[in-house]
Visitor: 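Provided herewith is a single structure, encoded as structure tokens, for subsequent inquiry.
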Amino acid sequence: MRVRSVLAAGAAALVTLTAAACGSGDAGGGEATSAGPVKLQFLSLAWQKESIAANKELVETWNKANPTIQVEYVQGSWDNVNDQLVTSFEGGEAPDVIHDDSPALSGFASRGYLLDLKDKLPAELKGDIPQAAWDTVTFSDGKDGQGVYGVPFLQESQVIIANKKLLDEADVRVPTAEEPWTWDEFAEITRKLTKPGKRFGVAWPMKSPVNKVLNLSLNFGGTFFQTDAAGKSTVKVGPEERQVLQRIHDQLHKDKSADPSALGMGTADPLPGFFDGKYALLPAGVFLRQQVVEQAPEGFEWVTIPPLKGTSAEQGAVSQTLSVAAQSKHPDEAVKFISFFLNGPNQVKLAKGDWLLPTSTSAAKDSSINAEKDGWDVATASAKNLVVAPFLKVNGYDEWRTKVATPALQQYFANKITLDAAAKTLVEEGNKVLERYSS
Amino acid sequence: MTATDVRPPRAAGPGRRRRPAPAGRREILLLMLPALVPVLVFSVGPLLYGVFLAFTDAEAGFNHETELNGLANFGQLLTDDDFWSSFRIGMIWAVSVTVLQFVASLGLALLLNQNLRFRGLARVLSVVPWAMPPVVIGLMWRLVYHPNAGILNATLQDVGLIGQNIDWLNDFSIALPAIIVVGVWTGMPQTTVVLLAGLQSVPKELHEAAQMDGAGVWRRFWSVTLPQLRPVIVAITSLDFVWNINQFGLVYVLTQGGPGGQTRLPMLFAYEEAFRYGFFGYAAMLGVAFAIVVLAVLGIYLWRQMREAS
């Protein structure tokens, strides 16, 4: 008995592996009889209240207008969506239309899980979304070709949310999109805003530091990866890559203008301290404005500061995407649904629901997301700084990020290791990880 | 007396049973079939498939053709630093949780074995954590450990033990001890109940005899209670060790293996390899290797205990 329970328990991982092969059977979408309507499953990852409402409303509108193609809304979660998708793809039970983000698509595309949409998209949708956004979803198909594996629809840029009163008190220049703060100016302003023992100029929540640092590092041309002629990627940490790392580290440990105890926080965690006046500036993705609006105490005044500028104001962009499963029995209907879901007017609704930037050029012109209120004008203007993040094209990036880069950056920001040591780990350990994916 | 009465028929048993055996065995097999089929289909089958996967280069994806690769996965495992650090963390976790669980449960069991007021109620309360699934326990403790809104930081601040909030589950050096505390708390009920049952089967006469001989409380504990409990202790600590080393849900909910892999137990490591990075073959080898390690550790422990006992 004991031996068997040891075996059984010890092989728990093995057993779960085969669960994939058994299939869960709860996702029986795509079963169309000749008489009934086509049924599609739509896995949505919307999580903010307004955004879920917008998503559901669009699905309902579609279902009413298209009695022959009925879409079922399935709620997913960003926390575990990729694990869930791997098992459902392997089990042959994947939802037809899948909401995800571009970093995940690269791996799925090379494994053959997703449908190449290159020749399936209507011209109207293709033309409405700029090439820069299509670049974030164009990946190798795992054999020799390239394909488009999703429709990008929401993007995020990094801005700074600032306490208006403290800015006015310190009499600093409020920047515009045309003339943003440089990193040097930013460092000086945070020093000015810092009152030792009472207030820090800035809080850097660095629970998941890697994407943030990599996206911002493009300000100085830091790409962190290089790809040789044969398509093999390696990690590089040169002077360009060290800029942002060093500057944040300086704020934390040299200028003491950034709160070291905020390092372990997730993006939204410093908000109570920010409302309290404990921090004057809060670097964050544009979506955080929603929580600021919702949670700010009465009379709290805040502004959105445009992205910082290094040698350029370029930032790495990733997109939220809708893809079609390669196993879907109704790919054409799925593409039709996506084309409706992501047309200009609907992207406005989705962008407003998630407080993110639409990829659609017609949506970007909509007056409701260009108003001054709640920083929409600054946010929407920052979209022009977005370029495709270099790490998107790197196979094995996810493992590099979680296993190598996250601990290395966290230790560096906590001042436990030097920049040289962090760089060495990122490159040496990192290349070992990438090696696994190059065969 | 009764023993000698019973023995002769028993000794004759096998001889008598042998004759009707063929028909009987078939019937027995037939009767066992309904119970056996699910075991074979849902337990033995996947298990064997998993062991088979361990010797292949199976990966996620439709573009990959799976091939047998012998012991390549095992070779990779031996040189994988991440595996060894996960192994080390797993051992620290399993040994410390098992030992602490045992010590705390023994104390609790001894207390509950006393003739206290409300003993029945106290016994029931001590079993309550057992009724909770690991995921719920994980969520609950995540709230306890919450850096800003957690009851632990609030209490410690009120008492004046800490000056500023500690982020228990995200601090590189505190995270592992923090989840070990949760592990101990979670596993205490079953250990307590088993030890309590063991304590109740210790004959009162032995205690009385020892008392007559002038043995004090400690002496009686060391020389009467503990030796009597020995088989129970061996059984429950081995089981606890196996349960703990294979713990997954609790830690997955609490930290997902973070920060920076400081709480990445072996099963979490295998899960990540399989479902996050898609290396099914390698993950299966991790499972096999771990089953072997657990069997070896347990084998040595049980063998030593048996030898000492006899």
Side-chain angles (χ1 to χ4, degrees), chain A residues 2-22 79-80 82-84 86-87 89-90 107-108 110-113 141-143 207 261 263-266 269 272-273 326-327 396 398-399 402-404 406-411 414 416 429 432-433 436-437 439, chain B residues 42-43 45-47 49-51 53-54 58-64 76 81-82 147-148 164-165 167 169-172 235 238-239 242-243 245-246 248 256-262 266-267 270-280 283-284 286-288 290-295 298 302:
Chain A
R2 191 172 297 145
V3 173
R4 226 187 46 201
S5 67
V6 174
L7 269 177
L14 309 184
V15 176
T16 38
L17 284 183
T18 47
C22 296
D79 291 340
N80 54 14
N82 292 329
D83 303 357
Q84 180 197 346
V86 168
T87 46
F89 284 132
E90 291 286 330
F108 287 162
S110 68
R111 289 174 186 169
Y113 289 150
D141 62 3
K143 292 174 211 142
K207 193 175 180 182
S261 75
L263 283 176
M265 295 185 182
D269 295 337
Q327 298 159 320
D398 186 38
E399 187 175 345
T402 44
K403 272 197 190 159
V404 181
T406 304
L409 293 192
Q410 283 174 341
Q411 282 174 314
K416 291 208 174 98
E429 300 287 311
K432 246 190 263 171
V433 167
R436 297 179 82 184
Y437 294 83
S439 55
Chain B
F42 295 116
S43 184
L47 187 68
Y49 181 61
V51 173
L53 274 184
E59 278 183 26
F62 304 145
N63 294 330
H64 181 83
Q76 187 192 341
D81 294 342
D82 288 322
N148 302 319
Q164 74 187 80
N165 286 339
D167 197 351
L169 295 175
N170 283 311
D171 188 292
F172 273 66
S238 340
L239 281 176
V242 176
W243 279 325
I245 206 152
N246 287 317
F248 175 82
Q256 298 214 325
Q262 291 300 303
M267 287 306 130
Y271 175 85
E272 280 184 359
E273 285 295 322
F275 297 109
R276 194 145 187 185
Y277 312 132
F279 297 105
F280 292 161
L286 286 171
V288 171
F290 241 81
I292 293 171
V293 168
V294 171
L295 283 177
L298 218 55
L302 289 177

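All of these numbers come straight from a predicted model, not from anything done at the bench. Protein chains get the first letters and strands the later ones, always in sequence-line order, with residue 1 at the start of each.
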Visitor: Locate the shortest heavy-atom distance separating B:Pro259 from A:Gln410; write the atom from each residue and the value.
Guide: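 Here B:Pro259 and A:Gln410 meet closest at CB-OE1, 4.3 Å.
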
Visitor: Kindly compute the distance separating CE (A:Met265) from CG (B:Asp167), expressed to the nearest 0.5 Å.
Guide: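 Interatomic distance, A:Met265 CE to B:Asp167 CG, rounded to 0.5 Å: 8.0 Å.
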
Visitor: Under 4.5 Å heavy-atom distance to chain A, tell me which part of B:Phe248 shows up: side chain, backbone, both or neither.
Guide: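 When you check distances to chain A, no heavy atom of B:Phe248 falls under 4.5 Å.
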
Visitor: If I measure from the heavy atoms of chain A, does B:Gln76 come under 4.5 Å with its side chain, its backbone, both, or neither?
Guide: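 Answer is side chain: those atoms of B:Gln76 sit under 4.5 Å from chain A.
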
Visitor: Give, as side chain, backbone, both or neither, the part of B:Phe172 having an atom under 4.5 angstrom from any heavy atom of chain A.
Guide: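 The answer is the side chain of B:Phe172.
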
Visitor: To check you understand the geometry: which heavy-atom pair defines the closest contact between A:Arg111 and B:Tyr277, and what is its length?
Guide: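 Looking at all heavy atoms of both residues, the shortest contact is NH2-O, 3.0 Å.
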
Visitor: Would you name the heavy atoms of A:Asp83 and B:Phe275 that are closest together and state the gap between them?
Guide: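 Shortest heavy-atom contact: OD1-O, 3.8 Å.
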
Visitor: Measure B:Asp171 against the heavy atoms of chain A and call it side chain, backbone, both or neither at under 4.5 Å.
Guide: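 Neither; nothing under 4.5 Å.
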
Visitor: Is any side-chain heavy atom of B:Glu272 less than 4.5 Å from a side-chain heavy atom of A:Thr402?
Guide: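 Heavy-atom side-chain distance check fails, nothing below 4.5 Å.
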
Visitor: Atom CG in A:Asp141, atom CG in B:Asn63: separation rounded to 0.5 Å?
Guide: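 Atom-to-atom, A:Asp141:CG and B:Asn63:CG are 7.0 Å apart.
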
Visitor: Does any heavy atom of chain B fall under 4.5 Å from the side chain of A:Lys403, the backbone, both, or neither of them?
Guide: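 Contact with chain B: backbone and side chain both.
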
Visitor: Give me the atom names and distance for the closest heavy-atom approach of A:Tyr113 to B:Ala60.
Guide: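 Here A:Tyr113 and B:Ala60 meet closest at OH-CB, 3.2 Å.
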
